[in-house]
Structures are given as structure tokens and as C-alpha cells.
Undergrad: 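Can you read through this structure? Questions will come right after.
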Amino acid sequence: MAHLLFWGGTLSILIILSGLVLYAAHGGFNDRAIELHRAASWAGQVHPREVFVSIAEVARGLEARPMRPTAVIALGLTLLLMTPVAGVVVAIAGFLADGDYRYAVIATIVFALLVVGTVMARRAG
Amino acid sequence: MALTTFFFAVAATSVAAGTAGAILGLGGGILLVPVLALYFGVDLRYAMGASIVSVIATSSGAAAAYLRTGLSNVRIGFFLVVATVSGAITGALLAGMVPTRWLMLVLGLALAYSAFATIQQINVEVPDDVPFDWLARRFGLEGAYYDRALGRQVPYRATHVGRGFAAMFGAGILSGLLGIGSGAFKVLAMDYFMRVPMKVSTATSNFMIGITAAASAGIYFARGDIHPLIAAPVAVGVLVGAYLGTVVMATLRNTTVRKVFLPILIYLAASMLLRGLGMHLL
């Protein structure tokens, strides 16, 4: 599990960094000011091009030619956000391998709660 | 602000937040959100999105190291995460049905009391005479770690597990209701209620906060609160900071960590009480 968290974190950061390098190579840093303000609601309007709200959007950004550097960054961020969930799955396997069934059940409950939470968030969002 | 300047300034701030977060068992959001929002003028929702990224980066960076050195207790972590996440889901369901101002007042008072309790045991390096607790025995909430500052192996066993679990459930409800992180509460429940050594408490909290944050990360992402150009320097900086923090932590004493933790507790108590009274401190 320690390995997974370490490599999950490291890989995400490497992807984010390469996205940043690409962004710089495309002249993204040239005297640009960053828009820090966010509209209160994007209902009925398009959200800023730099922001990605779904994995499908990230995938489209990666498939686009030339590839969109911000999509590479978003890919790294998505991987980072999924690392803890992957950690829980690996922990379940670890507890099972150790014959620690009580904790395998507890970790499975945690995983189920994460799924419930995400589904609820989908509904609410 | 020019993008380049913004980038380096945010990354540098994030290194500091990651280091502090890794040592104190917090996600760094408590430090990062005010700085991003007030100093850099980042929209509060983007700042919160960056904060979720920061929590998970701190957790992945620090927990990996703490798990390897045995400072994080995986069992205590998973046991309490059940309470926090189910509390958070309950809190989300209760949203809109409970007067949050009263809750914040109660929470503020509870925090103020625990700050006071922390002052009383500020010089306790390693808890001794820990009362026997059958839940701790049954769920194997015990362990040992090698303390470099003390130069010896430190065995420990949790106590008052029921109270700690209840406190975690309550903290989870509040974080679900108010959208605040609960790293500080996790540390408190372990250090104060369960009497686990302070360093084990913060290291285990580091392991837990990533899992709790992952539960809500999806919402922030789907809502469009995670701006790649703001979150990128935060993620990189915090991860580097978290690695640094774990190196520093190994050499610190339990009492030192607790002394650094205390002002955060007082700040949280004050800000909750003020918000409960209708004033914003951020």
C-alpha cells in the first residue's frame, strides 16, 4: 500500500509536470495573466476552456491535435485524486493475504462508503 | 498577476503547507485556502478545489513514508475512517435540516475545551498507564514504532475507543455539513481520547485524510472547481513539502509536535465560535 501511494503520487506529479512543460512550450506562460475569478454558476453557459469537469472531457483534450497541455495536467490531477481509492483496494487485498478477515471487512466497508458517497454526490451535483 | 509569478509563488506556499500538513496530520487546506483566497485573490471555490488536491497530495506523499516506517497505524486508520466517512454521508443527508450556526457554536466550544485539555498534557511525551479497553484489544488497535528522537522502540495501545469513534462520527457529520476538513479532529480524537502517541496520531491522520477527501473529490471535479493551472502548482509543491515533512517529523519529539498543533486548535476554536456567532474569520 505504501508503494501504491508513493508511485501514485509520483506518477501523477510527473504527468502534471510534463503537462506544465508542454504548456510552457506552447507559450502558455508568455505574459499571460491568469483568470482567478469563477462565475457563480455555469448553468447554460460554457465553462472556461482550461477547466475540465469529466474524464471524457480530459480524454477529448488528450486526443486533440495538437494535444492540449491543460488536459495532460488534468489527467495527472485525476490520477492523484484516485490514488487513495486505489490504496483502499490494495489494503483490502493486503488484509486478505495476511488472513486478517476482520480488517478486510472493515476496509471493504470503507470502500463501499466511498462508492455510496460518490453516487450521492453525483445525484446532488 | 502574471501567470509565471503566480505559479512560483503558489508552489512555494504549497511546499510550506505540505511540510506543515505532513507533520501535523492536516491536509494543508486550513493553511492554503486563506492564503490562496485572501492573498492571491483566487476565487474561494477554486481555492477549495485546490485544497482537496492538496489534502490528497499531502496524504499520498506523507502516508507512503509513514506506512513504511510504521508510524501510521493502518488498523486505527481504517477503524476510524469508517466513523468519519459514514458521519460525512450522514452530514450531507442532514444538510439543510440542521441549524449550522448552533452546530458551529457547539463545535467551537468543544474545540476550545480540547485546546485547554491539550495544554494540560502538553508535556506528555508518551502516554503511560493507559486504561485497558476491550474494543482496542478486540480490534487490535495497538502497535509500536521506533522513535528516533527518543532513541527507542515505543509500544502503545489505544484506549476509550468508543469515545474516539463517536467523536470521529461527529466530526464526520460536521465536515459533511459544513464542508470543512477534519484532519485536526482526527488528531485530537487519537491524541486526546484514545491516548495514542502524538506522532502516531498525526501520521495516522495523514493516512486517513486522503481517503476522506477522496469521498468528496469527485464532486469538486464535476462542479469544475479544480482549475488545472491553480491546482498544478499546489499539487507539485505540496507533494514535495510532504516528503520534506516526513523527514523532519522523524527527528521531532511528540511534545514538539503537540506544541505546534496547539495554535492551530486555538485558531480553529476561535474561527468556529465566531462563525457560530455570525462573524467570518475565514
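Note on naming: letters A, B, ... go to the chains in the order of the sequence lines (proteins, then strands), and numbering restarts at 1 for each one.
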Undergrad: Looking only at heavy atoms and a cut-off of under 4.5 Å, which of Val53(B), Thr212(B), Leu36(B) has the most pairs with chain A?
TA: Val53(B)
Undergrad: Between Asp100(A) and Phe95(A) (side chain of the first, backbone of the second, donor and acceptor by atom type, cut-off under 3.5 Å), is there such a pair?
TA: no
Undergrad: Report which part of Leu80(A) has an atom under 4.5 Å of a heavy atom belonging to chain B: side chain, backbone, both, or neither.
TA: both
Undergrad: I'd like to know if the side chain of Tyr156(B) pairs up with that of Asn73(B) as donor and acceptor (distance under 3.5 Å, no hydrogens or angles considered).
TA: yes
Undergrad: Leu77(A) versus chain B, heavy atoms under 4.5 Å apart: side chain, backbone, both or neither?
TA: side chain
Undergrad: Measure from the side-chain N and O atoms of Ser205(B) to the backbone N and O of Ser201(B), and report whether any donor-acceptor pair falls under 3.5 Å.
TA: no
Undergrad: Chain B heavy atoms under 4.5 Å from Phe6(A): which part of the residue, side chain, backbone, both or neither?
TA: both
Undergrad: Chain B: which of Val85(A), Val115(A), Ile13(A), Ile16(A) shares the most heavy-atom pairs with it under 4.5 Å?
TA: Ile13(A)
Undergrad: If I measure from the heavy atoms of chain B, does Val58(A) come under 4.5 Å with its side chain, its backbone, both, or neither?
TA: side chain
Undergrad: Measure Leu17(A) against the heavy atoms of chain B and call it side chain, backbone, both or neither at under 4.5 Å.
TA: side chain
Undergrad: Count the heavy atoms belonging to other residues, nucleotides or ligands that lie under 6.0 Å from CZ of Phe8(B), then report whether that count exceeds 12.
TA: no
Undergrad: Quick check on Ser12(A) against chain B: is it the side chain, the backbone, both or neither that has a heavy atom closer than 4.5 Å?
TA: neither
Undergrad: Would you mind checking which part of Tyr66(B) comes under 4.5 Å of any heavy atom in chain A, side chain (CB onward), backbone (N, CA, C, O), both or neither?
TA: neither
Undergrad: Is there a donor-acceptor pair closer than 3.5 Å between any side-chain N or O of Thr19(B) and the backbone N or O of Gly241(B)?
TA: yes
Undergrad: Looking at Val55(B), is its backbone amide N or carbonyl O close enough to the side chain of Ser59(B) to form a donor-acceptor pair, meaning the two atoms are under 3.5 Å apart?
TA: no
Undergrad: If we define contacts as heavy-atom pairs under 4.5 Å, which of Thr83(A), Val88(A), Ile55(A) has the most with chain B?
TA: Val88(A)
Undergrad: Answer yes or no: are there more than 12 heavy-atom neighbours, outside Arg102(A) itself, under 6.0 Å from its atom CZ?
TA: yes
Undergrad: Using a cut-off of under 4.5 Å on heavy-atom pairs, state which of Leu239(B), Val74(B), Val81(B) scores highest against chain A.
TA: Leu239(B)
Undergrad: Answer yes or no: are there more than 12 heavy-atom neighbours, outside Leu62(A) itself, under 6.0 Å from its atom CG?
TA: yes
